[in-house]
**Q** 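Okay, handing you the structure first.
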2 protein chains.
Amino acid sequence: MKPKHDLQLKPKYTAFVATSIDGRIAKSSRGSGAKLDWTSREDWDFFQASLARMDAVIVGRNTYNIAKKYIERRHAIVLTTRTSESKTLGMTTFLHPKKTDVKKHIEKKRYKRVAVLGGAGVYDYCLRHKMLDEFFVTVEPYVFTTGVQMFSGQKFSKYKFSLVSMKRLNKRGSILLKYKKIKG
Amino acid sequence: MKPKHDLQLKPKYTAFVATSIDGRIAKSSRGSGAKLDWTSREDWDFFQASLARMDAVIVGRNTYNIAKKYIERRHAIVLTTRTSESKTLGMTTFLHPKKTDVKKHIEKKRYKRVAVLGGAGVYDYCLRHKMLDEFFVTVEPYVFTTGVQMFSGQKFSKYKFSLVSMKRLNKRGSILLKYKKIKG
């Protein structure tokens, strides 16, 4: 039998996403089109308050590049295929998802609450690797018709969730949905 | 000044969509992957009750092929690029969107309440042509990671909506969002 503190240390993964009604998270994955300048103040406030309770964040290389100044303040794991070995700069660790066991790395670090912040490749990676227990989705009242999709999946799957709560954030109608992953 | 009854006859366009959390409306646009067999009973009931109040529906060719038996019972406009001229079969009219003024056709027919039922190409067409006043979005609690996107846009735009209402449809957490289009 495993000692009890090991069970308690199993990390909980919480993903956060801001999306248009049609499931687009940005105009483009890099450059100025990748900025989240269209999201509501209320979403930003919720997001910042939530992050304050997290031990570490996981992001992709593009997200890191855009939001470096925010990410560097935290224990951060950057998933990138550009580097052949893990390296650490301050509180930021760069990991190659195909060459490292990211989950094991996080468990070793004893992070208990881990925030998954995207982009699309990272959301997909974490969902496939059972690193997505809770999912906060802010739906902003726009339709973009094109742009970066929420998940960059290669294979159609039917991942099941259940809705924990729903909340209207402002007058225009930004909404915050909280889901939890259903096992199996 | 226009006679008052003309103003009253200006049609109201209401779009209906069922989507996964990540904005996917089907596994594929044709064949068995296009079926909506993953949507909830509660969404179906809402959808059928809503359609009963509509004068006509607009669908694309693929949607027509999949749901022919339901669509043929109604005044239906099928947007298709396969036919070079409009033809009518029973209550179904086939129109080429680039060769016909679809909006004018609908106004001529004096339909007052028109349902826009997709797929992605038709949602996009109607949004671009100001034929989308109300938007009912049922979000089913799944993530697909790939599949058909809600809108098949070519050009990034920021169409603005405001949330009219939100409602939880069942225990698992299918939700129904009602938006209205904000002009301009």
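Proteins come first, then strands; the chains are lettered A, B, ... in the order of their sequence lines, and each starts at number 1. Atoms considered below: every heavy atom in the structure, side chains included; atoms not considered: hydrogens, waters and symmetry mates. Keep in mind it's a predicted model, so treat the numbers as computed, not measured.
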**Q** Return the option, out of B/V137, B/T145, B/V17, B/D124, with the maximum number of heavy-atom pairs under 4.5 Å with chain A.
**A**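 So the answer, after comparing B/V137, B/T145, B/V17, B/D124, is B/T145.
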**Q** Looking at B/P141, is its backbone amide N or carbonyl O close enough to the side chain of A/S162 to form a donor-acceptor pair, meaning the two atoms are under 3.5 Å apart?
**A**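 No; zero donor-acceptor contacts below 3.5 Å.
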**Q** Of the backbone (N, CA, C, O) and the side chain (C-beta and beyond), which part of A/Y179 lies under 4.5 Å from a heavy atom of chain B, both, or neither?
**A**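 Contact with chain B: side chain only.
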**Q** Is there a path from B/V59 to B/I77 through hydrophobic residues (I, L, V, M, F, W, Y) whose side chains come within less than 4.5 Å of each other?
**A**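 Different hydrophobic clusters.
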**Q** Do you know the tightest heavy-atom contact between B/F161 and A/R172?
**A**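 In this case the closest contact between B/F161 and A/R172 is O-NE, 2.6 Å.
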**Q** Under a 3.5 Å distance rule, please check whether A/T19 uses its side chain to pair with a backbone N or O of B/D22 as donor and acceptor.
**A**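 No, the answer is negative, given that no donor and acceptor are paired below the 3.5 Å cut-off.
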**Q** For chain A, which of B/M150, B/E140, B/R128 has the most heavy-atom pairs under 4.5 Å?
**A**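 Most heavy-atom pairs within the cutoff with chain A belong to B/M150.
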**Q** How long is the span from the CD1 atom in B/I175 to the CG atom in A/L163, to the nearest 0.5 Å?
**A**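 These two atoms lie 6.0 Å from each other.
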**Q** Give, as side chain, backbone, both or neither, the part of B/S152 having an atom under 4.5 angstrom from any heavy atom of chain A.
**A**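 Only the backbone of B/S152 comes within 4.5 Å of chain A.
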**Q** Determine, using the 4.5 Å side-chain heavy-atom cutoff (strictly less than), whether A/L89 and A/L117 are members of one ILVMFWY cluster.
**A**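 Yes, same cluster.
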**Q** Is there a path of hydrophobic side-chain contacts, each under 4.5 Å between heavy atoms, that joins A/F16 and A/V148?
**A**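 In one cluster with A/F16: A/V148, no.
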**Q** Run through A/I21, A/T146, A/V143 and flag the one making a side-chain contact (heavy atoms from CB on, under 4.5 Å) with B/F151.
**A**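 Of the listed options, the one satisfying the test is A/V143.
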**Q** Is A/V164 close to chain B through its backbone or its side chain, or both, or neither, when contacts mean heavy atoms under 4.5 Å?
**A**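 A/V164 touches chain B through backbone heavy atoms alone.
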**Q** Treating A/R168 as the side-chain partner and B/M166 as the backbone partner, does any N or O pair qualify as donor plus acceptor under 3.5 Å?
**A**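 Not at all, since once roles are kept as given, no pair shorter than 3.5 Å links the two residues.
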**Q** Return yes when atom CD of A/Q154 has more than 12 non-hydrogen atoms of other residues, nucleotides or ligands closer than 6.0 Å, and no otherwise.
**A**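 No, because the 6.0 Å sphere around CD of A/Q154 holds 12 heavy atoms or fewer from other groups.
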**Q** Does any heavy atom of chain B fall under 4.5 Å from the side chain of A/Y123, the backbone, both, or neither of them?
**A**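 Neither part.
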**Q** Measuring heavy-atom distances to chain B, does A/S28 have an atom under 4.5 Å in its side chain, in its backbone, in both, or in neither?
**A**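 Looking at A/S28, nothing touches chain B.
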**Q** Let me know if A/K180 has heavy atoms under 4.5 Å from chain B in its side chain, its backbone, both or neither.
**A**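 Contact with chain B is absent: no heavy atom of A/K180 under 4.5 Å.
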**Q** Should the heavy atoms of other residues, nucleotides or ligands under 6.0 Å from NZ of B/K103 be counted, would the total exceed 12?
**A**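 Yes, because the 6.0 Å sphere around NZ of B/K103 holds more than 12 heavy atoms from other groups.
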**Q** Grouping I, L, V, M, F, W and Y whenever their side-chain heavy atoms are under 4.5 Å apart, do B/L95 and B/I71 come out in a common cluster?
**A**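 Not linked; separate clusters.
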**Q** Are A/V102 and A/L127 connected in a single hydrophobic cluster, I mean Ile/Leu/Val/Met/Phe/Trp/Tyr linked by side-chain heavy atoms less than 4.5 Å apart?
**A**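 In one cluster: yes.
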